2 protein chains.
Amino acid sequence: MTEQKKSGGRPRDAEAAGTIKSATLNLLREHGYAKVTIAAIASEANVARQTLYNRWNTKADLVLDAIFEETGHYAAAPIDDPNLTCQLQLEQFLMQVFSHLSESGAPIRSLIAAAQDDDAFRDVFKTKFVKPREKMVTDLLKRAQSKGEIAQGRDVRMLSIFVHGAFWYALLGGDPVDNDLAKSIVDEVFHPAQT
Amino acid sequence: MTEQKKSGGRPRDAEAAGTIKSATLNLLREHGYAKVTIAAIASEANVARQTLYNRWNTKADLVLDAIFEETGHYAAAPIDDPNLTCQLQLEQFLMQVFSHLSESGAPIRSLIAAAQDDDAFRDVFKTKFVKPREKMVTDLLKRAQSKGEIAQGRDVRMLSIFVHGAFWYALLGGDPVDNDLAKSIVDEVFHPAQT
DNA sequence: TATATTTATAGACTGCAGTCTACAAACACT
DNA sequence: AGTGTTTGTAGACTGCAGTCTATAAATATA
């Protein structure tokens with residue numbers, strides 16, 4: 001592929017992408033996904049509307065990209081700290097993720113929404129956002145299993161899905177996604193309660 | 001409230017609502033939520049566009065209502081059959097729900113999408129669709145707990161959220177929602193595996 | 001300098017959701 | 001029959017996403 005351009009041509013404005021993305025985030029926080037218009041973003045970024053469409057295919061694409069720019073930082077895989085139980089590590093990881101989401105939860109919800117109507121977009125969203133987080137949790141649970149914190153016979157992949165499912169379920173249902181939820185999820189996944 | 005109308009007035013066409021809803025379902029199955037237009041539904045039902053807006057506030061409202069009409073049948077609470085384990089009952093219940101969803105899964109996904117941008121709509125969706133199903137599962141799990149199929153110390157409410165979360169997670173992610181998923185979910189919730 | 005290529009801008013245009021207005025039709029009450 | 005009220009119909013209108021076209025600006029290469 002390599003998508004080579006024939007020769008010169010006017011270069012893309014190097015600053016534009018950043019300016020547009022940050023304008024997008026600002027408007028997003030202020031008004032929410034539905035009320036933010038492409039025209040408003042373009043205007044805020046002092047750029048022609050078409051320039052946005054030169055770089056992103058849809059409003060959802062742009063928003064996805066804009067959110068990644070700052071969400072990436074929070075996606076750091078939890079390092080294995082041998083001094084902490086895996087249970088605690090998972091709890092802290094979830095709390096970190098949740099506290100971030102309480103800031104940009106609404107736009108992310110809107111992304112999920114947009115993803116439903118667009119197969120290609122849903123793939124990107126899954127590949128770049130959902131799957132990596134799923135893997136982080138699966139890996140952590142595997143470590144817990146190898147250290148005996150979780151019984152050998154359990155299906156770690158399904159447990160990871162439980163964790164994320166519970167999280168999405170709360171997020172989409174508009175229920176609070178907070179430390180209490182994190183604790184409840186982790187308690188039940190590790191569920192030492194054997195009566 | 002009782003919403004009384006002052007006096008007579010032209011009565012609503014009794015057949016219209018049904019005709020519109022079934023036209024909606026037909027077009028929905030054929031083209032998917034995004035590609036179905038209000039105008040097309042109105043035309044299919046031989047009704048003015050405004051008539052739709054007289055009865056439903058938005059496209060999502062209408063689709064929600066249309067889907068309920070046939071989804072209601074499948075929402076029957078699982079009767080407690082003392083001859084079957086609760087684990088089997090849950091598995092059968094989920095299979096029933098899943099097989100229905102593989103038919104109208106796409107429109108339902110679009111509903112979730114629409115719900116994200118509209119608080120009022122999300123409430124209706126939760127109240128009429130999500131919560132009742134959550135309760136069915138919670139009740140079933142409670143029975144399982146009282147019969148000893150699930151340990152006393154476990155948080156049944158959270159387990160129910162795991163079940164639904166896993167289900168929504170698969171649905172929204174575009175993953176197959178089938179018998180295998182149902183079995184995996186139930187196995188892990190009851191997880192007799194104690195190594 | 002001349003040409004080809006690519007981006008940026010401005011603005012027209014399409015399609016759809018949802019609103020609004022004017023008018024006709026169907027009812028209740030007097 | 002006459003009045004008031006509500007629904008149905010037809011069509012104009014607004015706002016936004018996304019497309020398309022014409023033109024100017026910025027680059028590379030000849």
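What you see is a predicted model; the values in this text were computed from it and never measured. Order of the sequence lines sets the chain letters (A, B, ...), proteins ahead of strands, with each chain counted from 1.
Nearest heavy atom pair, residue A:F125 against residue A:L64, reads CD1-CD1, 3.5 Å.
Once rounded to the nearest 0.5 Å, the distance linking CZ of A:F68 with NZ of A:K21 reads 11.0 Å.
Comparing A:K35 and A:N57 by the nucleotide of DNA chain D that holds the closest heavy atom to each, the one mapping nearer the 5' end is A:K35. Comparing B:A16 and A:G9 by the nucleotide of DNA chain D whose heavy atom lies nearest to each, the residue mapping closer to the 5' end is B:A16.
Salt-bridge check for B:D139 with B:R143: failed, with every basic side-chain N at 4.0 Å or more from each acidic carboxylate O. A salt bridge is defined here as a Lys NZ or Arg NE, NH1 or NH2 lying under 4.0 Å from an Asp or Glu carboxylate O, and A:R55 with A:D13 fails to meet this definition.
Using a 4.0 Å cut-off on heavy atoms, the residues of residues 45-53 of chain A that approach DNA chain C are A:V47, A:A48, A:R49, A:Q50, A:T51, listed by number.
Comparing D:dC16, C:dC16, C:dA26 by their closest approach to the side chain of B:T37 singles out C:dC16. Out of D:dG8, D:dG18, C:dC27, the shortest distance to the side chain of A:T58 is found at D:dG18. Nearest to the side-chain atoms of A:R10 among the listed nucleotides D:dG18, D:dA26, C:dA17 stands D:dA26. Minimum atom distance to the side chain of A:R12 is reached by C:dT7, of the listed C:dT7, C:dC16, D:dG18.
If you take CZ of B:R55 and P of D:dT6, they are 15 Å apart, rounded to a whole angstrom. When the C1' atom of D:dA24 is taken as reference, atom CG of A:D13 falls 16 Å away, rounded to whole Å. One interatomic measurement links the two molecules: CG of B:D61 to P of C:dT19, which rounds to 11 Å at whole-angstrom precision. Atom pair A:I41:CD1 and D:dG18:C1' shows a separation of 14 Å (rounding to whole Å applied). With rounding to whole Å, A:I20 atom CD1 is found 13 Å from C:dT7 atom P. Residue B:W56 contributes atom CH2, which lies 13 Å from atom P of D:dT7 at whole-angstrom precision. Residue A:K59 contributes atom NZ, which lies 15 Å from atom P of D:dT19 at whole-angstrom precision. Between the CG atom of A:N54 and the P atom of D:dA25 there is a distance of 18 Å, given to the nearest Å.
At distances below 3.5 Å, at least one donor-acceptor pair connects side-chain atoms of A:Q152 with backbone N or O atoms of A:Q145.
By the rule that hydrophobic residues join a cluster once side-chain heavy atoms approach within less than 4.5 Å of another member, B:F190 and B:L88 end up as members of separate clusters.
Between A:W168 and B:Y169, the two ring planes are parallel [angle under 30°; tilted spans 30° to 60°].
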